[in-house]
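Read the structure below first, then the notes.
The shown structure was predicted, so the numbers you read here are calculated from the model rather than taken from an experiment. Both ligands and their constituent atoms are indexed starting at 1 by order of listing. Note: hydrogens, waters and symmetry copies are ignored here, and every other heavy atom, side chains too, is used.
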Amino acid sequence: MRKTIITAAAAILLLGALPVRADEGMWLPCLISQRIEDMQAKGFKLDAEDIYSINKASLKDAVVLFGSGCTGEVVSPDGLIFTNHHCGYSFIQRHSSVEHDYLKDGFWAMDRSEELPNPGLSVSFLERMEDVTDIVLKGGDVRANCRALEKEAAKDGAGLRARVEPLYHANRYYLFVYREYRDIRLVGAPPSSIGKFGGDTDNWMWPRHTGDFAIFRIYADKDGNPAEYSADNVPYTPKNYLKINRKGVQPGDFTMVFGFPGRTNEYAHSAEVGYTQDISDPMKIDIRTQRLAIQKKYMAQEQKIRIQYSAKSATIANGWKKWQGEVGGLRRNGILERKKAFETGFEKWAKGTAYEGLTDRIAAAYDALVPARFTRELYQETAAAFELGNFAGNVFNALKKDGTVNGDGFFKNWYEPVDRECFIVEMTEFGKRIPEGRAPAYYTAQMKKYGSAEAWADALFKKTLFTSNEKVNALTAKDTARVKKDPVYVFASEFSTWAAEITPEYAKRNAALAPLMKEYMKAQMEYQPEKDFYPDANLTLRVAYGKVQGYRPSDAIDYYPVSTLKGIIEKDNPEIFDYNIPQLLRDIYAEGGHDGQPVCFLATNHTTGGNSGSPVLDAGGNLVGINFDRVWEGTMSDLAFDPSFCRNISLDVRYLLFVIENIGKATRLIDEMTFVE
Ligand code: ARG
Ligand code: ASP
């Protein structure tokens, strides 16, 4: 391996050409000057300063962290932002009822007074980032040094928020300073039959035809500063906004994704890969398969239940499907074996140095960590997923704090038979899978008392007060003692106490692994001095670049990288919920001339969860798409990027415009955007 790389590098030096590498990488914007030559060689027309600058408006000023885990982009001088439908989903849902079903029918504010506020939603701009490693490690307590830096950086300026984040497994530390806006209003969303077209059937897959976008607007006080919601707030004037390229992309065209990837583990030890593919993913997949089947059964019965569980079910299904792709991809590509072979090579190189035996030390640290880690994950997928149990805990806390409680929000989205049947699955699976000797005494006692999870559920649901909205709303501070004795509260508190007891063990094992991984990261960089290392994702702003390109999912099948409206019509089926498009779209198509209307495209950009909603830019930095997914065969990219299988899926911005114009008829929005020639 090492030899061929050196030879290739030598050949490049001789020829004087730029190294052409695969499109792996999530690069730090402030260091993009190190990649800019390669980007330009691949077609990019701008400079490093156009991407990230602290001296002038740059592309980074048009990118936002949307909510707690998505990306969005500013597309007008009046603070209009695009993100994904699935990123705005829970907000669209909160505004929805059977009478106004914005999830089903879509939502379009026809003027600014109709734009809907969303308490709890914020967006953050990155003001600047900076390497602060020397200050953090100057001596004294690392954590205290970080907090001091954050405090200093956020001290003047409304809405400033600063975070010091470790990068390269804590070999480096960076300070990130954000400005956070908190009055974000819903402007437009297509009906789910467009925004979630293909549903969980097409999720993580190609060919894809999902119009996965939603439109919001940032509001600020009259000076442009972040402010809580107020009717007096005005649309925010951004430092920068993206211009839109209506000509779109062709196979082979340069693309760049600018956003907030959440978490990757590219430099992991084989023990991490083995744990993921053989232990963790299979457990989560099995249990979720059963919970999803229960939700699906009831959702098919009634529209009300479908609305109640659509967001919850989508979230559960999303991880469930991704992990199946991940296990498949890890196995198909032999990632575990490749990692092991890498470790063998590494150890050969490390012989006689301080790194000798490091990979064995890491393997031992994993052996020590896995029981606690698995137990925590199992808890998350079972007891912690019991909706009524979580609710009971929240009610108790509210009573203690405020002396009163309102359960309406919970009951709006809760259906007893679903939660009850899921409880049975959760407790049955918990018993089957919990490592020997680790089950809480409470669990063992209840199962012994009732003989089965079914009988336990019967007793629990009969005796609890938490299934009644009325009874919950009538609670006062005087009732805390009674609440404490309620069997569902007891369940929640017993399990959470037990889970909290694992935390010190888990933290200790992780704390033992962390310095080894830090050392291993550093060692890998020395072992492969000719390789460019990008830091693992940690929800900080990154640049990925590549090109529009299809792939070969299996022997004798080639995927073309662009999908069109014709494909939507081919999938259209009024009988199947996921494929039942709006009649209006059928009518527009029937008029003719729309066969070639682009819908989605594939590219080789390295992305992960959190990149949803990220702008996809052309060679000139103009918006051509909105990233929303990856292909199933490539979801193992969080652990190992394979250039032949890993593709991101983007919505073509031209389909977004088509839907705004023809379905939403909200041309006022188009009028405030800028288009490049
Ligand atoms: N797979 C995409 C991502 O991880 C989209 C998820 C939302 N869509 C859905 N059908 N559940 O977030
Ligand atoms: N769909 C993901 C997201 O929500 C993106 C991905 O995992 O590729 O961020």
Which segment of Thr608 sits under 4.0 Å of ligand 2 when only heavy atoms are counted
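The part of Thr608 near ligand 2 is the backbone, not the side chain.
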For [atom], which protein heavy atom lies nearest, and how many Å away is it?
| atom | result |
| --- | --- |
| atom 6 (C) of ligand 1 | Asn318 OD1, 3.2 Å |
| atom 2 (C) of ligand 1 | Asp629 OD1, 3.1 Å |
| atom 9 (C) of ligand 1 | Asp200 OD1, 3.3 Å |
| atom 9 (O) of ligand 2 | Gly610 N, 2.6 Å |
| atom 12 (O) of ligand 1 | His86 NE2, 3.1 Å |
| atom 2 (C) of ligand 2 | Ser612 OG, 3.0 Å |
| atom 8 (N) of ligand 1 | Asn203 OD1, 3.8 Å |

Quick one: does any side-chain atom of Asp253 pair with a main-chain N or O of Gln250 as donor and acceptor, under 3.5 Å?
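Yes.
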For [X], take its heavy atoms, then give the atoms of ligand 2 lying under 4.0 Å from any of them.
| X | value |
| --- | --- |
| Asn611 | 9 (O) |
| Phe628 | 1 (N), 2 (C), 5 (C) |
| Gly609 | 2 (C), 3 (C), 5 (C), 6 (C), 7 (O), 9 (O) |

Under 4.0 Å from a heavy atom of Gly199: which atoms of ligand 1 are those, numbered in the order shown and with their elements?
10 (N)
Considering the heavy atoms of Ala314, write down every atom of ligand 1 situated less than 4.0 Å from one of them.
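Here the atoms of ligand 1 in question are 11 (N).
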Carboxylate-amine/guanidinium proximity below 4.0 Å for Arg552 and Asp558
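Counted as a salt bridge, because a side-chain N and a carboxylate O are separated by less than 4.0 Å.
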Does NZ in Lys296 sit with more than 12 non-hydrogen atoms of other residues, nucleotides or ligands closer than 6.0 Å?
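Result for NZ/Lys296: open.
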Run down the list His606, His86, Arg630 and name the one with the heavy atom closest to atom 8 (O) of ligand 2.
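Among His606, His86, Arg630, the closest heavy atom to atom 8 (O) of ligand 2 comes from Arg630.
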Ring geometry between Tyr551 and Tyr559 (parallel below 30°, tilted from 30 to 60°, perpendicular above 60°)
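Aromatic pair Tyr559/Tyr551 classed perpendicular.
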Could you tell me whether ligand 2 has any atom less than 4.0 Å away from a heavy atom of Lys322?
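Outside the 4.0 Å threshold, so no.
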How far does CZ of Phe216 sit from CZ of Arg185, to the nearest 0.5 angstrom?
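Answer for the CZ-CZ pair, Phe216 versus Arg185, is 13.0 Å.
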Please report the interatomic distance CZ(Arg161) to CZ(Arg179), rounded to the nearest 0.5 Å.
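One gets 12.0 Å once the value is rounded to the nearest 0.5 Å.
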What pair of heavy atoms forms the shortest contact from Lys321 to Asn203, and how long is it?
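Looking at all heavy atoms of both residues, the shortest contact is NZ-O, 2.9 Å.
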With a 4.0 Å heavy-atom cut-off (strictly under), which part of Lys196 contacts ligand 1: side chain, backbone, both or neither?
side chain
